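One structure is given below, encoded as structure tokens.
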Protein chains: 2
Amino acid sequence: MSDPRRTSSKRVTLEEVARVAGVSRATASRVVNGVATVDATIRAAVQNAIDATGYVPNLAARSLVTRRADAIGLVLPEESRLAGDPFFETVIRGVMSVIGPSGVHLVLMTMDTNTRDQVVSDLRRGRLDGVILIHTDRDDPLPRQLIEANHPVVMSSRPLHPLPVTYVDVDQTAGGALAAQHLMSLRRNRIVTIAGPQHTSAGQDRHTGFLDAVADPDLPWTEGDFTRESGETSMVHLLRAHPGLDAVFAASDLMAQGAMTVLRATGRRVPQDVAVVGFDDSSAALACDPPLTTVRQPVADMAAEMARLLLARVADPDAPPTRVVFEPTLVVRGSA
Amino acid sequence: MSDPRRTSSKRVTLEEVARVAGVSRATASRVVNGVATVDATIRAAVQNAIDATGYVPNLAARSLVTRRADAIGLVLPEESRLAGDPFFETVIRGVMSVIGPSGVHLVLMTMDTNTRDQVVSDLRRGRLDGVILIHTDRDDPLPRQLIEANHPVVMSSRPLHPLPVTYVDVDQTAGGALAAQHLMSLRRNRIVTIAGPQHTSAGQDRHTGFLDAVADPDLPWTEGDFTRESGETSMVHLLRAHPGLDAVFAASDLMAQGAMTVLRATGRRVPQDVAVVGFDDSSAALACDPPLTTVRQPVADMAAEMARLLLARVADPDAPPTRVVFEPTLVVRGSA
DNA sequence: CTGAAAGCGCTTACAG
DNA sequence: CTGAAAGCGCTTACAG
């Protein structure tokens with residue numbers, strides 16, 4: 001046990017540990033770093049010295065020579081896109097579940113004003129070992145820039161333009177198809193859909209997967225931006241043009257939630273009059289009333305996988321890029 | 001403009017900048033750090049050399065001598081308590097809004113297994129300059145331990161046991177009173193309340209503030225844990241014992257949301273039959289149908305303030321502890 | 001205002 | 001298996 005009073009004492013260095021243990025600084029360093037070749041008795045002596053002095057290594061000094069920061073960045077979209085979306089909290093939890101225990105620091109950043117420059121310079125100056133990019137805009141130059149400088153990067157979805165990058169995604173197309181099949185099995189035939197932003201791969205793929213499965217190229221649809229507000233406006237528009245609709249697929253749970261509010265406000269019952277299917281299986285799905293039938297993507301697992309892949313790339317920056325694609329599943333609840 | 005090809009070139013050091021500029025390393029360092037006393041022409045020369053070489057300072061080396069990590073920790077509750085609660089995302093956003101632009105790293109941690117040890121050692125070894133503690137349990141030994149070691153700490157609420165610590169809070173008691181006054185002004189007289197956990201200051205203070213204002217010591221109540229699920233169970237219990245109730249105050253929006261689901265399921269209309277008031281004004285309030293009348297605490301602003309206070313403490317660790325208490329406001333929407 | 005020099009606390013070839 | 005020594009890239013008194 002270390003003397004608790006030592007906790008607030010002056011910084012103790014390896015030098016001191018070595019002195020107390022009667023060995024060289026090099027040997028003390030080897031014990032601290034678990035180098036296997038150290039003699040057992042010496043190891044014990046050093047361990048005692050460490051405990052007695054309450055030594056903790058200075059990471060900056062170590063970092064200076066190892067050139068590792070033991071920190072990775074998690075880059076989220078702009079601050080304004082975070083509000084009210086449970087997706088990001090889930091991503092954070094998933095990443096944390098693998099990063100936390102490893103002792104590596106998880107540094108959070110949002111894509112605001114000078115974040116791009118900061119990411120690049122943090123990586124270059126060895127303050128960050130790698131970054132996870134969440135929902136980076138398709139024409140953001142950052143991913144390519146990082147890849148070209150050979151910095152470890154993992155992205156949260158297939159980039160719209162081909163790029164030799166490691167990413168994790170869910171099979172969005174299959175997810176859209178799952179929603180369509182469910183609605184068709186319910187014998188709904190006046191179906192509409194609120195698509196996600198068509199400038200994102202998720203928005204595009206969910207939409208085409210859905211359309212291909214229903215096999216109706218003229219299916220009415222509008223484009224939302226994944227938020228609840230856009231779900232509401234979209235629903236209003238669709239209802240105006242197609243008052244007789246009997247099913248809606250929204251490409252996000254939040255949009256489905258917004259749609260349900262509007263449906264109820266217009267006196268329609270869910271699911272009796274209109275069946276509603278969402279996408280994500282976020283916490284918003286359970287907050288719906290009735291609870292939302294939705295296409296589940298295992299966000300926390302996906303985020304954990306991103307963290308693992310990044311750690312692997314940090315360990316071996318020249319490994320070829322990897323892609324991991326998860327399968328979506330349909331979660332049937334009350335709304336359809 | 002720096003030569004883009006330099007971006008991926010070998011690491012360039014201050015030494016090299018100095019050589020290119022024809023000055024000493026010390027002077028180059030002064031320019032990099034914006035020391036005012038450097039001659040204007042020399043400054044320009046160094047600046048040119050920096051641009052030409054694409055120099056970025058090695059933070060580890062700087063950190064080693066300045067003993068500053070330029071990183072602060074944000075310690076959230078255990079991972080399991082994060083899920084589905086929009087509060088934490090708002091805190092993160094608020095903290096980020098002041099930390100982000102400063103170039104200081106925001107390191108995220110959750111109160112899991114070995115986090116306490118890691119926080120202490122990160123602080124001691126100079127890997128973190130200070131920490132913000134969010135909703136730390138009242139009998140967690142960590143805050144006291146950090147305070148005693150004189151590490152910069154800011155907490156998100158008044159500690160239950162007296163502690164010379166800097167914290168930011170909202171006047172919870174006043175918030176409870178606000179809810180009570182609104183319900184009374186609505187002439188509701190069969191009021192019940194779903195309190196927050198009584199082992200937290202927020203749970204206690206909201207409850208006593210509410211009770212004192214309604215001036216009815218026998219008011220029926222149950223204790224939830226701020227989650228939607230606990231709101232549902234609590235509502236079921238209260239309804240069973242008091243089927244004629246006409247108003248409920250829930251100490252969190254999430255609990256209010258759960259309560260509303262149960263009310264609707266039992267055929268009661270909100271607000272006609274039962275008025276509902278929540279607490280937080282989180283994104284969940286708008287997701288309710290009807291939208292929730294709630295006591296707003298300005299979480300993002302409070303989090304930003306915590307960040308500012310922490311930065312101040314890092315700059316001057318011996319300053320006396322500060323307390324900042326925000327005023328809650330009532331936001332009237334459809335539910336009451 | 002500027003420079004030479006010491007020093008921050010570690011790791012890691014290199015000898016032995 | 002261990003130690004002496006060099007070196008990682010900065011900052012900062014201290015002289016001048």
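Values in this document were obtained by computation on a predicted structure and should not be read as measured data. Chain identifiers are assigned alphabetically (A, B, ...) following the order of the sequence lines, protein sequences preceding nucleic acid strands; residue numbering begins at 1 within each chain.
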> Under the criterion side-chain contact (heavy atoms from CB on, under 4.5 Å), which of A/Ser201, A/Pro159, A/Ser157 is the partner of A/Tyr167?
Replying inline: A/Pro159
>> Between B/Asp129 and B/Arg68, does any side-chain N to carboxylate O distance fall below 4.0 Å?
In response: yes
>> Is it the case that C/dG3 (base atoms only) and B/Arg30 (side chain only) share a donor and an acceptor within less than 3.5 Å, ignoring hydrogens and angles?
In response: yes
> Atom CG of A/Asn33 and atom C1' of C/dT12: how far apart are they, to the nearest Å?
Replying inline: 11 Å
>> Counting the atoms with a prime plus P, OP1 and OP2 as sugar-phosphate, which does B/Ile42 contact under 4.0 Å by heavy atoms, base, sugar-phosphate, or nothing?
In response: sugar-phosphate
> What integer distance in Å separates A/Arg43:CZ from D/dT2:C1'?
Replying inline: 13 Å
> Watson-Crick or G-U wobble partner for C/dA15, using a 3.5 Å limit on both distances?
Replying inline: D/dT2
> Where do B/Arg81 and B/Phe88 come nearest, in terms of heavy atoms and distance?
Replying inline: O-CE1, 3.5 Å
> In whole Å, what separates the C1' atom of C/dT12 from that of C/dG16?
Replying inline: 16 Å
>> Starting the side chain at C-beta, find the nucleotide from D/dC10, C/dC10, D/dG9 nearest to A/Leu64.
In response: D/dG9
> So which nucleotide from C/dC8, D/dT2, C/dG9 ends up closest to the side chain of A/Thr37?
Replying inline: D/dT2
>> Would the distance check show the side chain of B/Asp169 and the main-chain N or O of B/Arg158 forming a donor-acceptor pair, the cut-off being under 3.5 Å?
In response: yes
>> When you measure from the side-chain N and O atoms of A/Asn58 to the phosphate of C/dC8, is any distance below 4.0 Å, counting only OP1 and OP2?
In response: no
> Taking CZ from A/Arg125 and C1' from D/dC8, how many angstroms apart are they, rounded to a whole number?
Replying inline: 17 Å
> A/Arg25 has an atom CZ; how far is it from atom P of D/dG7, in whole Å?
Replying inline: 14 Å
>> By the 4.0 Å heavy-atom rule, please label A/Val32 as base, sugar-phosphate, or nothing.
In response: nothing
> Using 4.0 Å as the upper bound for N to carboxylate O, is an ion pair formed by B/Glu89 and B/Arg93?
Replying inline: yes
>> How many whole angstroms separate atom CZ of A/Arg19 from atom P of D/dG3?
In response: 15 Å
>> If I pick the P atom on C/dG9 and the same atom on C/dA13, what distance separates them, to the nearest angstrom?
In response: 23 Å
>> I want to confirm an ordering. Mapping B/Ser24 and A/Ser29 to their closest nucleotides on DNA chain C, which one lands closer to the 5' end?
In response: B/Ser24
>> Categorize A/Arg67 for me: base, sugar-phosphate, or nothing, with a 4.0 angstrom heavy-atom threshold over every strand shown.
In response: sugar-phosphate
> Which nucleotide in the list C/dT12, D/dT2, D/dC10 gets nearest to the side chain of B/Ala61?
Replying inline: D/dC10
> Choosing from C/dG9, D/dG9, C/dA4, which nucleotide comes nearest the side chain of B/Ala26?
Replying inline: C/dA4
>> Between C1' on D/dG9 and CG on A/Leu59, what's the gap in Å once rounded to a whole number?
In response: 17 Å
>> Side chains of B/Ser121 and B/Arg125 only: does a donor on one sit below 3.5 Å from an acceptor on the other?
In response: yes
>> For D/dT2 and A/Thr27 - does any side-chain N or O of the residue sit under 4.0 Å from the phosphate oxygens OP1/OP2?
In response: no
> Given atom CD of B/Glu15 and atom C1' of D/dC8, what is their separation to the nearest angstrom?
Replying inline: 13 Å
>> What is the separation between atom CZ on B/Arg127 and atom P on C/dC10, rounded to the nearest whole Å?
In response: 14 Å
